[in-house]
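Okay, structure first, notes after.
Below, chains carry the letters A, B, ... as their sequence lines are ordered, and counting in each starts from 1. Any value given below was found using the heavy atoms of this structure, including those in side chains, with hydrogens, waters and symmetry copies removed. Keep in mind the model is a prediction, meaning the values are calculated, not measured.
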There are 2 protein chains.
Amino acid sequence: MTITMKDLAQMVGVSESTVSRAINNKPGVGEDTRDKILELVKKYNYKPNQLARNLAKQETKMIGLILPDISSNFYSEVARGVQDIAIQSGYQVIICNSDGKEKEELSYIEWLESNKIAGIIFLGSGLVNDKVIKLGLSDYPIVLANRFVEDLILPSVIIDNAVGASKATDLLLKSGYRRIALINGPKDNLQAQNILTGYKEALRAYNIEFKEELIINGDWDRDTGYEGFLEVLKLTEPPEAIFAANDLIAVGAIEAIKMGGFLIPEDIGVVGFEDTIVTSVIDPPLTTVAQPMYQLGVSSANKLFSLINEDEIKERIEILESRLVVRKSTKKLI
Amino acid sequence: MTITMKDLAQMVGVSESTVSRAINNKPGVGEDTRDKILELVKKYNYKPNQLARNLAKQETKMIGLILPDISSNFYSEVARGVQDIAIQSGYQVIICNSDGKEKEELSYIEWLESNKIAGIIFLGSGLVNDKVIKLGLSDYPIVLANRFVEDLILPSVIIDNAVGASKATDLLLKSGYRRIALINGPKDNLQAQNILTGYKEALRAYNIEFKEELIINGDWDRDTGYEGFLEVLKLTEPPEAIFAANDLIAVGAIEAIKMGGFLIPEDIGVVGFEDTIVTSVIDPPLTTVAQPMYQLGVSSANKLFSLINEDEIKERIEILESRLVVRKSTKKLI
DNA sequence: TTGTACGCGTTATCAC
DNA sequence: GTGATAACGCGTACAA
């Protein structure tokens, strides 16, 4: 038998509104009556029924987080960041796995809306579709995390992969490598394009000519790394270093390099991108560009709560930089 | 401006009760009135307010999942399993990161209770404390996943690590290795004890004497593996194989083995435990015992929904077996 | 400082 | 087949 405000009111001999005020620490309650009420609250272990509160205030203390797959290392790390901030603000998080499917996303949105969830964070790759934009244009609090939309009208937090790629390439150049091959993801992939952009920028800063032959496009997997290296090895002038667009590609490349009898980093330097656990397990430990996943979650959540509380938003678009982690697959700086 | 049942009722010229019946596909509504109502529902894109529903029915379509840390590979995989089943049943999942702290767990429970969350899955290591047991003894639906309680009075789903360890040891024996060292976690750790149990069982089946000197206890990390191997190497009779109690330990051991100039699997065989991504990246690919993480989530969720729906529960305790994944760090079977 | 009265949007139990 | 009416438990404007 759960106890309600009404019960408490009867016991103390006051009205329900007074009980309500006392419980919510609102002014306008006499010292002694408040004490009496709070005493009974403890005694009977009274817990306000959140459902009733939610209905009365037409709001919940929950936010929604829509992402492709919580079991992925990347997304679960971001989710943790979101949750930590949410808890601080007294909110809980509902995580929705969309598997990147638009249909799922829309049905989640419906659910979240009709449950009066306070706001939504959209996390994931891919471009944003019209419906999401429309949703954002209404007054529903919504933040885009690591999702891209051409005009960027919605509040967003993104990771600047171009800068990360530039840093990685720059490190290789600073370490003395000159001919640097880029083994990248699919040509039409946004992430891959950003990485290419950063790579080119770094070359330009060193006045090194960009050579199409040093660019390999493939999938985001190990095979691409392995085959990719064999590919560039065939060039009349083989590369001195490999920039792999993610860690798995790097792993594949390293296998191929070792297989060929080359030494890392002496003969060939390697840089990865992502900083997963494998980078520290592989031999030699991989120099890589670490993505600020947790921070992505934290920033997105902060931005969402700014929206919910209708605070001023400093920057509509927040850009996070990735961080270079130097290990042993690149030569020491001179 | 959101539309409500009241609005619909006025437009059609019927009472709210009729609208409610029509929307919920309940009998007792005329063909034509129902059609008229559903038509307007579409036209105005009416969505029932779940908050009001929840209050009226005193229940929500949500379950809680309390786990140590969603960013961990293990837990996020389980979480995915839980969510997939929940969605099928029309529920959403609230994930709560306790970091293994009892205080956090209790405060989450309070929140979930006062929000009338339909049920809770407790996921995590460690023993269950009294409060959880008390909670379970009330009529609140609650399932323990991968948590251990001595008497196991609460509905639970657990992974039998002893059997897994036994399988791993057995494989080594079948492959011809005889002196097998076990590099394990902390002595007082439940998981470590289970692994030891399985190890012993397998030895017994082969009539091989158990030797204390072949057991190393340490942390669940790489160093333990590295140092552990160096330790057993000092024995007058060094081991022919290493059974590592998790993959990280195995990685450390492999490093030490290679450093010593031994060949894997010819000179020394290695088996890990867990099946993380590193097992396939390392050279040679690691033979290991894979934990059914996703299945753990699925089974736990299924059990919880049985409780919620008050179905008959077949087995109060469900035991999942781990699966042996044979790669290249052990000799081929003869 | 306290109480009254109503609203929040829906479900459920009666009547008719 | 349909319609009042009362819950569900709490917040709040207004009156006292």
Side-chain angles (χ1 to χ4, degrees), chain A residues 1-41 44-62 90 110-118, chain B residues 1-41 44-62 90 110-118:
Chain A
M1 187 46 207
T2 56
I3 193 169
T4 71
M5 270 180 30
K6 198 194 231 167
D7 301 328
L8 290 179
Q10 280 186 335
M11 301 171 100
V12 189
V14 295
S15 77
E16 295 178 45
S17 19
T18 307
V19 177
S20 174
R21 281 188 277 259
I23 287 169
N24 293 302
N25 285 321
K26 291 205 173 161
V29 190
E31 275 287 333
D32 34 346
T33 47
R34 161 161 290 156
D35 288 348
K36 256 191 239 165
I37 294 172
L38 294 184
E39 199 178 314
L40 285 182
V41 164
Y44 291 101
N45 193 28
Y46 165 78
K47 294 281 182 308
N49 181 328
Q50 281 296 120
L51 297 185
R53 275 194 176 166
N54 292 342
L55 179 60
K57 306 189 77 166
Q58 286 291 20
E59 66 172 37
T60 62
K61 287 293 193 181
M62 308 185 201
E110 245 178 43
W111 192 93
L112 295 170
E113 269 189 313
S114 72
N115 276 276
K116 301 286 181 262
I117 300 299
Chain B
M1 186 49 205
T2 56
I3 193 170
T4 71
M5 272 183 25
K6 198 193 230 170
D7 302 327
L8 291 178
Q10 280 186 334
M11 301 170 100
V12 188
V14 294
S15 78
E16 297 176 45
S17 352
T18 307
V19 177
S20 175
R21 281 189 276 260
I23 287 167
N24 293 301
N25 285 321
K26 291 200 174 163
V29 191
E31 276 286 335
D32 34 346
T33 48
R34 161 162 289 157
D35 288 348
K36 256 191 239 165
I37 293 172
L38 294 184
E39 198 178 315
L40 285 182
V41 164
Y44 292 100
N45 192 29
Y46 164 78
K47 296 278 180 309
N49 181 330
Q50 280 296 127
L51 297 185
R53 275 195 175 164
N54 292 342
L55 179 60
K57 308 187 78 166
Q58 287 291 18
E59 66 173 37
T60 62
K61 288 292 194 182
M62 310 187 202
E110 245 179 43
W111 191 93
L112 294 169
E113 269 190 312
S114 71
N115 276 274
K116 302 285 181 260
I117 301 298

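- Rounded to whole Å, atom C1' of C:dC6 lies 13 Å from atom CG of A:Leu55.
- Here B:Tyr46 reaches the OP1 or OP2 of C:dT10: one of its side-chain N or O atoms lies under 4.0 Å away.
- Nucleotide D:dC8 holds its P atom 21 Å from the NZ atom of A:Lys47, rounded to whole Å.
- Under 3.5 Å, the side chain of A:Ser17 and the base of C:dT4 form at least one donor-acceptor pair of N or O atoms.
- Taking the side chain of B:Ala52 as heavy atoms from C-beta on, and the options C:dT2, C:dT10, D:dG9, the nearest nucleotide is C:dT10.
- A donor-acceptor distance shorter than 3.5 angstrom exists from the side chain of B:Thr60 to the backbone of B:Lys116, with no hydrogens or angles considered.
- A:Val14 comes within 4.0 angstrom of sugar-phosphate atoms only, judged by non-hydrogen atoms across all strands, and of no base.
- Rounded to an integer number of Å, the gap from NZ of A:Lys6 to P of D:dG9 is 8 Å.
- Between the CE atom of B:Met5 and the C1' atom of C:dA12 there is a distance of 11 Å, given to the nearest Å.
- DNA chain D is contacted by B:Arg21, B:Gly28, B:Val29, B:Gly30 of residues 20-32 of chain B, taking any non-hydrogen atom closer than 4.0 Å.
- A donor-acceptor contact shorter than 3.5 Å links the side chain of A:Asn49 to the backbone of A:Leu51.
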Next on the checklist: Please determine whether side chain to side chain contact (heavy atoms under 4.5 Å, CB included) holds for the pair A:Val19 and A:Val12, giving the CA-CA distance in whole Å, both sets of side-chain angles, and the decisive distance to 0.1 Å.
Outcome noted: CA-CA 9 Å; A:Val19 177; A:Val12 189; 5.6 Å; no
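- Projected onto DNA chain D by closest heavy-atom contact, B:Thr33 and A:Ala56 fall at different nucleotides, the more 5' of which corresponds to B:Thr33.
- With values rounded to the nearest 0.5 angstrom, B:Arg53 atom CZ is found 10.0 Å from B:Lys61 atom NZ.
- With values rounded to the nearest 0.5 angstrom, A:Asn25 atom CG is found 6.0 Å from A:Arg34 atom CZ.
- Side-chain contact between B:Thr18 and B:Ser15 is present, with heavy atoms from C-beta onward closer than 4.5 Å.
- Among the atoms of the strands shown, none is found under 4.0 Å from any heavy atom of B:Gln50.
- A heavy-atom distance below 4.5 Å is not found between the side chains of B:Asn115 and B:Met62.
- Under 4.0 angstrom from either OP1 or OP2 of C:dG3 there lies at least one side-chain N or O belonging to A:Thr18.
- Nucleotide C:dT11 holds its C1' atom 16 Å from the CG atom of B:Leu8, rounded to whole Å.
- Within the structure, every side-chain polar atom (N or O) of A:Arg53 is placed at least 4.0 Å from both OP1 and OP2 of D:dC10.
- Straight-line distance from the CD atom of B:Glu16 to the P atom of C:dT13: 17 Å, rounded to whole Å.
- Following rounding to the nearest Å, B:Leu51 (CG) and D:dG9 (P) show an atom-to-atom distance of 16 Å.
- Here A:Thr4 does not reach the OP1 or OP2 of D:dC8: none of its side-chain N or O atoms lies under 4.0 Å away.
- As a whole-Å value, the separation of B:Asn49 CG from C:dG9 P is 6 Å.
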